[in-house]
Structures are given as structure tokens and as C-alpha cells.
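Just so it is clear: chains get the letters A, B, ... in the order the sequence lines come, proteins before strands, and each one is counted from 1.
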Amino acid sequence: MVKADIRSPELNQTLRVAIGPASFLTLLQKEILDLVLSIRFLVLLMLCALLIPLSLYVNSQTYERWLADYNEQLKIESTLRSSRSGWSGTRPPSPLAVFANGVETSLPKGFSIQPNQIQMDKPRSYGDPIYEIFGRIDFLFVVQAVLSLIAFLFAFDSISGEKEMGTLRLCLANAVPRYKILLGKFAGGMLILVVPFLIATGIGLIVLTATGYPLFDHNLWTKVLLMVVASIVYISTFYVLGMVISSLTHQSKTTLIVLMLIWVVFVLAVPRLSIIVAGMIRPVESDAVIALRKKLLVEHIQQEKGRALKDLYFAKARQKGLAEGALTFDANDPEFVRRRNEIAKPFEARMRDELAKIDEDHQRKKQRQLHLARNIARISPASVFAYVMTDMADTGETVKVRFFDAVRRHYARMDRLVFSRMYQDLITDEGHSWGFGGTLPGEEPPEKPPRFAFRFPEISESLAHSLPDVALLVIYALLFFIVAHVAFIGYDVR
Amino acid sequence: MAEAHVTSSPHIPFQATAAPGGFRAAWIVARRELVEQLTSLRFLIIGVLVLGLTPLAVYVGVRDYTNRLEDYHRLATAQQELRAGPAGEAVSGVWNLEVLRAIRPPEPLSALVHGLDARLPEYWDFSPRGIRVGPLASRPHRLADVLGQLDVEFLVRVVLGLLAILLAFDAVVGEKELGTLRMTLSQPLPRAAFLVGKLIAGAITLLALLAMVFLLALLSAQFFGLDLLAGDPLTKVGLIAVAASFYLLCFYALGLMISSLAGSQKTSLVILLVTWVVAVLALPPLSTLVAQAVSPVPPVHAVEAKKRALDEAIRQEAARAMGEVYREETGQDQMVSMRLYQEHKDAIDRRIAPIVTRYVGKRRQLLGELDRDTQRRMARQNEVARIIMALSPAAAFAHAAADLAGTGDTYAQSWWTAVRLHQSRLNAALFDDPPMVTMWMRNMSMTLRRHDPPSITDLPAFTPPRRDARAAINRALPALGLLLLYTGLFIAGGFIAFSRYDVR
Amino acid sequence: MIEAINLTKRYEDGVLALDSLNLKVNPGEIYCLLGANGAGKTTTINLFLNFIPPTSGTPLINGIDVTRDPLEAKKYVAYLSENVMLYGNFTARQNLDFFAKLGGKKNLKKEDYYMVMREVGLPERAFEQRVKEFSKGMRQKLGIAICMIKDAPALLLDEPTAGLDPASAAEFIETLKELRRRGKAILMSTHDIFRAKEIADRVGIMKEGRKVMERTREELEYENLERLYLDYMRGGLGPESEERRAS
């Protein structure tokens, strides 16, 4: 505010005038009022109030079923005879899957292992075919797809619409710097967008706690908070982008059409395309092919081993005077066992190594493809946001990798402690085949074979992994704001 | 009628009777609108986008399909070999039931409409305990869960649906704001002709683009190695294209209707976009969500585990009872011996028979109850979901397209029905009269052979559900009907709204 | 040719937009309707075009009741609306072609369009230029060209000179004079007292839905139109009765 004295000769008076730039608050007030009174605000309220609590509630019901299923599985496992424990394992469902389903719907619920074979169970949600045509609706979807569109609907006429109405000229005829107008629009729009969103989310969280969801677990609470913050950053990114396009076009109709096209590309096309393109650039053999390859390898080496052991077994049969066509594994003859081990172990070691190599190779290729897809998808703030949310919810790629690693580690332990103390021989001779299996005498498996336990990453780990994406989201928002600023400075308001 | 006394301009004679008829007027309006639409930015950008994405989507679909086809062939040949082997022994043991397996071939049109094809089991196994579901036909891609899937149906439903809205939203209210509506309606043509003209133009634009998309899809499929240009698949593709036409027309008509109801172009666009988001993106998954909440279905493996546990319990009971019989008849409780059994075979068999019957009956009852309960819940869930989805023409189209392509949930249900039917047939023919039973005495067990197992040729063959075009149409009929209803509704609504429109 | 008999329009919210209007425009005559915004001028024109139905009374074009047979009536009337926008992405000729066809003209050639556009004073280079690049004056000319190519005996013009610069307005008036010479009946609503005095054969002043005054060209020689207008507008004088006029 500047106070000035204006001397008026005719009136022979001095007028005291206060001249000042328009206050930011005035602008903000106008923006808020303008948006609140429009039909869009009502639509936003209704959509938020409907979709967010509903999706949270229904997903929490699903989670409860998953949890019950997991607990039942644990109970079954604890009653297993000790000789069978460790041969299978279950994965707990991630509680935060209620917010972002992510990989929870496709990750196996557990696994079972045998010597030289890991078998993954089906996912928990398996058998609900009607889901699969349309996908799931969760908090992530509502924010990523619906609220981003609403943000566009609020922002599209912020500049170009005011130009059409002629009010932009009127505003700028006053002593108000352009950046303040922009800031006022941004603040106003964000306030209007965020308040209903927070209210709806709050209601949703209340509903969740009412159904017994453990929201106040220390780990969960922080993660949920972070997800809400990330959502707000994401919405603001889209709102600013809307302002950018609005300051680059001169008709609000055009703005909205361009924004719709951007939305389709960012939210629908890029995420899906990134997977396709990455698959084309870095193709990886399917799991089925790898499984087949491993099976053939096992068969092949088993046969080689059998050929090497054949003489030993036949000699033992002759020694024991067994009838024609009968072979036996004489557990009571230490010499026989020692000879058998001497011949068989190298084959088994080789099998172990080659299987491990196939696995490693496959995993590495998959990882590289994944990384490529992720990087390509980062073009779109929507994908970046999806990664942030699923990482926070422990339903992202990290968890998938962790799970498979944990399974492999468990298998390695079982192999060392249990499987390596077992034998599985296959002898073939002129069309007949004999199979022998069991625990090697003289080697008893440990009383308590290792139990599979899977732990979700600590919050620091999740944060560390998703930090680059969070930063990227913020960078996008800032970038768009700078572009909006530059575009608006040069905007033709006539 | 007073005759006007006018002198006309020297070159153009005045003809009062030359007013265009309704249809000709509609065509004049349509032609102008058509030129406007085909040269507009929205059409060009979306057109390029959709035509560029189509080959990509088809590539992925074809690749996935060929992978699944390979898996299918592998399984089928393995089963052939198994069946060619000693037929009697094939069904002797409870664990070699692979020979009874029902293997499901993948649908070629899943390349265009993914639907459920990759999420249905590859095969079903039949066992005394009931149906055992095989693995999913293909594992969904890792990131697809985070980011969603892309196929031709998606492009049509989402992207072309958006185009329909962007073409229609300012068709009426835009011309009013422009002032050209007054100009047009000051001419001697019936009001309806204006709307008809707009409708025709939109129809031509959208259907032309749609035809290009489908043509491109077929050619891409051909190029990537999937021949869809022959009889049955081609018919289905044609039908899907017809359904898509109605869908686009439906949304365009909706756009025209809102355009004749809204106060400004902006309002019209906002309303239509929100409708599009809700109807195309939010409603379909929301409906499955609500259906799940209303009628939750226990997961497949939980049910199977329960069945396993139940069966174990009653089987052990029966096995022990049989062991008792053995003990009583042979007087031997320290050793199980085939020789002893043979000596007392008749007596033992006679007493064992009712035990087996009782066990089978109990099994049928308990496990059957579980199955029926699951079935009931699943049917109810599907019903609820379908009802809610009836609110959205986009969902109707998605269902119709999937049903026609053979990847819809009605087709999936018919597989389940066929599988259940076969299981009950096998129950009667095989499982309810087991050729071998295991008896337990103390901690010793022995397997008794009651009679010769039937050979594979004696058992009923599995009849898979029909896959031809006619069956597909039958399945898709409800969804198609709904789509037609919506289209008619919106067209009628548009005419009504426009007839009352304030053109000033 | 253009006749209103006791034309009344009351809206749903009770507002009486037009109160018993009686008006007649003969061929070869220009009738200017003056009045403040909201006085009922545009409502009158909308009623003649059947854009809204009258509450009571009859609008007639060429003796045809517009409410009974609108399509027939519209054959005989040409319309120029206020704020003509037209189809921006199309050229002048394309716009002309479109409306001509709708009006029933078939088999018109490019030369015919060019001729009409020349007649109204559009520059040659504008013929194939997109309308969105036109100035207001050029759009107005194109609008009148659309009326001319229909060559209907009655013309309804809604504030045709509003927003035109003096030169364009003068050109426009010349065109109107030519149309009058050809025998058209022209009903024109306007604010422009100056032009009205210049061209009108008869003038009517509307206030709050009623026609409060009507004068012929001869009568206006003796009365000051501006004074009359302002007097009526300021509300001093009430509507004239027929007897007063006659005397």
C-alpha cells in the first residue's frame, strides 16, 4: 500500500490517496467463490464422497478375507508334521493393499517346494473372473484417473475462460502483477480440490477403523499419511498442467479438448504402452518356457545319473539275490550308500548349479525389462504416481522381488538342510524304470526345518525406493508451474 | 394467400416453391457438419492416436494368444499320448486322472478383446473330490497390475467413446452460441432435420474411423501371424464392429442430447466428460467391487483346501472301518497281507461294499454342499455386478464385445457349467464306484482292488461349450439388447430435448 | 407482407415481453422498430421466425400464419441476426452456399455467389477467405448477402448496424435502399436513430413491450425524432391512441 498526496489545483485541495496493488487475498477469495459456486464443485464432492469411502470399505472387506485365509493357512502349517514343515510357505497380504491393490492381486499367495522344484500357488484373488474384465477400483485408481480428470476440469478455463469472458482484461487493468494472478488461481483451485478430497478420505479412514482395520499400527499410519500427501502433490501436478495449457490456448473449449487428449495419453496410454514397448525392446522368455527348460534339464541329468548308478544298483540286487526285475536301495549297507553318494553327488551338484544359473539369468533379464518399462513410463506423472503409491502400500515391484527372493532363499536353506540329505534316483533299463527316494541314512534332517517368514519392508526402505519417483512428481509440478508462468507472462489478453 | 408483388434481382429468379424437403435439408446440414468434423483437430489427433495404437495392441494380443496356443497344444498332445497308452491303467489310480482332464483352447479373438481368456484356467481336472482347477492360462504381466491392459476393445470403448463426446458436445449449444443456429432455423426446414443432419454426420465420421480401426486390426493380426480373415472369426469380428458402431452412436447421441440441454458449451463438455469418466472408467470396476461386497465368494483354493480336509476326515473314517472288517474277518491285526485278503475276499468285499457306498454318499453330500454354496454365491455376485453395470452403455459394450469374441464371462460360465456337468457324469460312471480303495489298520495300509477300472473309452467324453458365431451371438444378446436400448433412448431423448430447445 | 395482429408474448415467469403489437410492413417499405434494450424488438422478430410461440395474436408473413405453417412462412422471409458469427472455419462462399441451399436455392454456381458478394460490397479477396478472419463489418455484409441470395420478399433485420463503423453502416444503408427498390418488405430493429431517420418509411417506438408511437416519413419531417424518442424513453408520454394519430 502506498500513500500518496495528489494536489488538485482546481479544487485547491490535497487529496490523500492510498494506492496499492490488489491483495493476494482478494484474488484468492474470488477464485474460491467462483469455483465453489460452479456445478463442477458439486460433481467433485459427489464423486469423492461416493468413490473414496466406498472403494476403501470394499477393499478392506476383501483384505479381511485375505487375512483370514492367510491365518488359516498358518494354522494348517503349524499343525503339519515337522518333517513336512518348511516344504511350503504363505505370504501375508499387505494391509495397505486396501489403498493400492498393485501386485497383490497377481502375486502368488504362497508356494510349495520339492527337491529341484519350486511351485508357486495361485494369487489370493484367483477365481474372481468378473473382476478381470475391468480391473479393480481402489484409492489409487480414484486419485490417479478420476481426480486428475477433475483437476483438469477445474483448471481448463482458468486463463483461457477468463479471456473469453473478458474478465482477464479487467483484472490486468489493475496494478496486479501477473504472477500473483497465477498464484491466486493455483491456491484457489488447489484448496477447492483438496478439501473435498481430504474430507472424503477422512470419512473413508473412519469407516476403515470402524470395520476393525488396524489403521493405527505405527508403520501403517505413516505410510497412509505419505500416500495422502503424494496424492495431493499428484493432483496439484495435474491442476498446474491444466493451467499451462489454459495459458497456451485462447479458447476454453480448445483447452479442454487438448487436456482430454493429454489425459488419455498420460493416464491410459503411456502406462500400458511402457510395458508393451519394454517387452519389445527387451523380450524375456515366459515363465512357462523357463519351467519347461528346467524340467527337461532335471530329467536329462536324472537320466545321466541313473545311467551312472545303474551298475551299482544291479550289483546290489545280484548280491542280495533278488528276483528278476527287482532292485533295491539298501539303506543298511554303508558301503553301498557311500558308493552311491560318491557317484550321485556330482550330478546333483551340477543340477543345482545349472538350475540356479537358469533362474539367475531369467531373473536378471526380467529385472532389466522391468527397469526399462518403469523408465519409459516415467514420462507420465500418472505412472510415477502409481509407482509411488504401490511402493508405499507394499504392493509394488519391490515387494514382488522381495517375495521371490525370500522364496529362493528359503529354498536354498531347505536345500542345504533337508534336500541335500535326501536321495532321488531313477534307474532305467530296457524299458523298465525304477524310482527310489527318501532320506539318506546316516543323515537325519534337522528337527526344526526352517519356517518361511516374509516381512514387509520397513518404512525407511519403502521411502528410499520410492524417493526418486516422489522427487520426480514434485519436479513435474514445479516444471509445469514454471511453464505456466512463462506462458502467462506472454499471454495475449485482448 | 396474398401474392407478393416483388421484382427480383436481375439474375436470380425468385422461386417460392423451391424449399428443400426435410431429408434434403438434413443432408445439407450433415454435409457441412461432416466437413467440419473431419477437418477438426480433435478428430485428427484422436484418429492418429487410435490408429497408431491399434497395431501395437494387436501385436500384444496376438503374441499372448500364440503363447497360450502353444501351451494348449503341449497339454493336448501330452494327453493324447497318455490316452494312447494302456487305457485301463490310465484310470486305475486316483493320481493319474490327467487322462480325464478337460483342456480349454484359447480364443483367437482374444487378440482383439482380451476379456477373460487369459484369466480362465488352462484346464480342469476331475477327481473323486470334485473339480480341481488348473493354473491360469497365462500369468499376467508384472506391471499390468499396476498399470492396466490395452486391447482394441479398450481403444474403442475409451478413446473412440471420448471422440464421440468431443464431436457431439457443441453440436447444438455451440451453434447457438455462434448464432448460426438461428440462421439455420430461419430457413424453411423442419427442426428435426437439423438434428438428423448432425446425427448422420457424427455417424459417418465415427463409423468411418471405426471401420479403419477394425480393418487395421485385422491386417495387423494377419501380419503378426494370426489369420482372422476366414469364416467364423471374421463373422465375429464383423459383429463386434456392429456392436461398436452402436456403442459410438449411443455416446454421440448422448452428447447431442446433453448439447440440447446444457446452457453453454462449457457446461455441456463438463457434464459429458464427467459422464464419460463415470460410465466408462469408474462404473464397471465399481460394480464388481460392490458385487463382491454384497455377495463375497471364498477364494478357490480355500474351498479346495476345505474340501480336501473334509474328504480326508471321512476317508480316514472309512479306511479304518474297512481295516476293522479285515481284522474281524481274518482275525489278523498285526499284519496286512494280500494273501489273507484273497482267502476271505468274498466276506470282506461284501462287508466293505456298504462302507464304501456310505463314504461316497457322504462325500457327495458334504463336498457337493460346498460346491453348491460357492456356485450360488458366484451366480449372485455376477448378477449384482451385471445389474449395476447395466447403468453404463460402456459396460454393455464391453460385455457384448467380450461375449462375441468368446472371452466374456458368459462363455466362462458356460465352461464352468460344462465342467460341472462332466464331473457329475464322471461321478456316476467312475468315482461313485471306486475300483480301488485303501484300508487302514493300525498304522498299516493296503490297497484293495474291487473291480476292474473302466477303460477310457467307456467313460463319457467331455463336451466343451460351443464356440461358433451363433452361440456367441446368443451369449451376447442381452448385452447387445441393452446397448440398442441405450442408443434408442438417447436418440429419442435428443430429439425431445431439441424440439423444446430455446434457439434464441 | 409482414404483419402482426395483436401479438402478445408473456413468459413463464410472468414477464410481459410483448403487449398486443399491431404492425404492418408492405412490400417496398422499410419499417424501423426503435426501443430500449428489453423493449420487445428482438422478441417481435423471434415471434415472426417461430423461435418462440406467441401467447396470443398472429404473426403473418406473406399472409401465412407463422405459428400454423412455419415452414411455408419461412420460405418468404430472410433473416439477419444481431452479432452474426457464421461458421468460422468455412469461407464466405461456403457459408453462402450452405444457407442458400437450406433456403432452397439449387444449382447456383460460384459466379452467382461472387456476384451477390460483390453487390453487398465484400472485397474480392474475402470471397474464399475464412470467416473467422473477418471484421464485424465484413460479417454483416456476408449476412446481408445471405439474405439477398435467398431473395425472399420479406426481410427481418435485428440491429444490423450495431457496432459498425460509419462507413460500413453507410454502405449497408445503400444496400437496404436497393432492396427496397426491388420491392422487399423490411422490418428492422435498431438503436440507431440517425440511420432510422435516414432510411425508414415508417418508425415505431417500443417501450416495455408496447408500441407507444408510430410515425411515417412525412410526419417525421415536422417532428424531431430524437426528441420524441427520448421523451418516450424518459417515460413522460404514454402510448398514443389511434385517434390522436389520425388528427
Novice: Are more than 12 heavy atoms from other residues, nucleotides or ligands located less than 6.0 Å from atom CG of C/N107?
Specialist: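 Result for CG/C/N107: open.
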Novice: Can you check whether C/F98 reaches B/R31 side chain to side chain, under 4.5 Å on heavy atoms?
Specialist: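 Not touching, per the 4.5 Å side-chain cut-off.
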Novice: Tell me whether B/R32 forms a cation-pi arrangement with C/Y87, defined as NZ or CZ under 6.0 Å from the six-membered ring centre and within 45 degrees of its axis.
Specialist: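 Relative to the ring axis of C/Y87, which defines the angle, B/R32 lies inside both limits.
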Novice: Is the cationic atom of B/K176 (NZ for Lys, CZ for Arg) positioned less than 6.0 Å from the six-membered ring centroid of B/Y501 and within 45 degrees of its normal?
Specialist: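 Yes, a cation-pi geometry holds between B/K176 and B/Y501.
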Novice: Heavy-atom cut-off 4.5 Å, strictly under: side chain, backbone, both or neither for B/S40 against chain C?
Specialist: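 For B/S40, no heavy atom lies under 4.5 Å from chain C.
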Novice: Heavy-atom distance under 4.5 Å to chain B: side chain of C/I146, backbone, both or neither?
Specialist: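 The side chain, not the backbone.
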Novice: Between C/F48 and chain B, with a heavy-atom cut-off of 4.5 Å, which part of the residue counts as in contact: side chain, backbone, both or neither?
Specialist: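 C/F48 has no heavy atom closer than 4.5 Å to chain B.
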Novice: Please flag which part of C/E178 lies under 4.5 Å from any non-hydrogen atom of chain B: side chain, backbone, both or neither.
Specialist: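 Neither; nothing under 4.5 Å.
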Novice: What part of C/I52 gets within 4.5 angstrom of chain B, counting heavy atoms only: side chain, backbone, both, or neither?
Specialist: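 Only the side chain of C/I52 comes within 4.5 Å of chain B.
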Novice: Report the C-alpha distance between C/S168 and C/D165 in whole Å, list the side-chain angles of each, state the deciding distance to 0.1 Å, and finish with yes or no for side-chain hydrogen bond (donor to acceptor under 3.5 Å, both in side chains).
Specialist: CA-CA 6 Å; C/S168 302; C/D165 66 274; 2.8 Å; yes
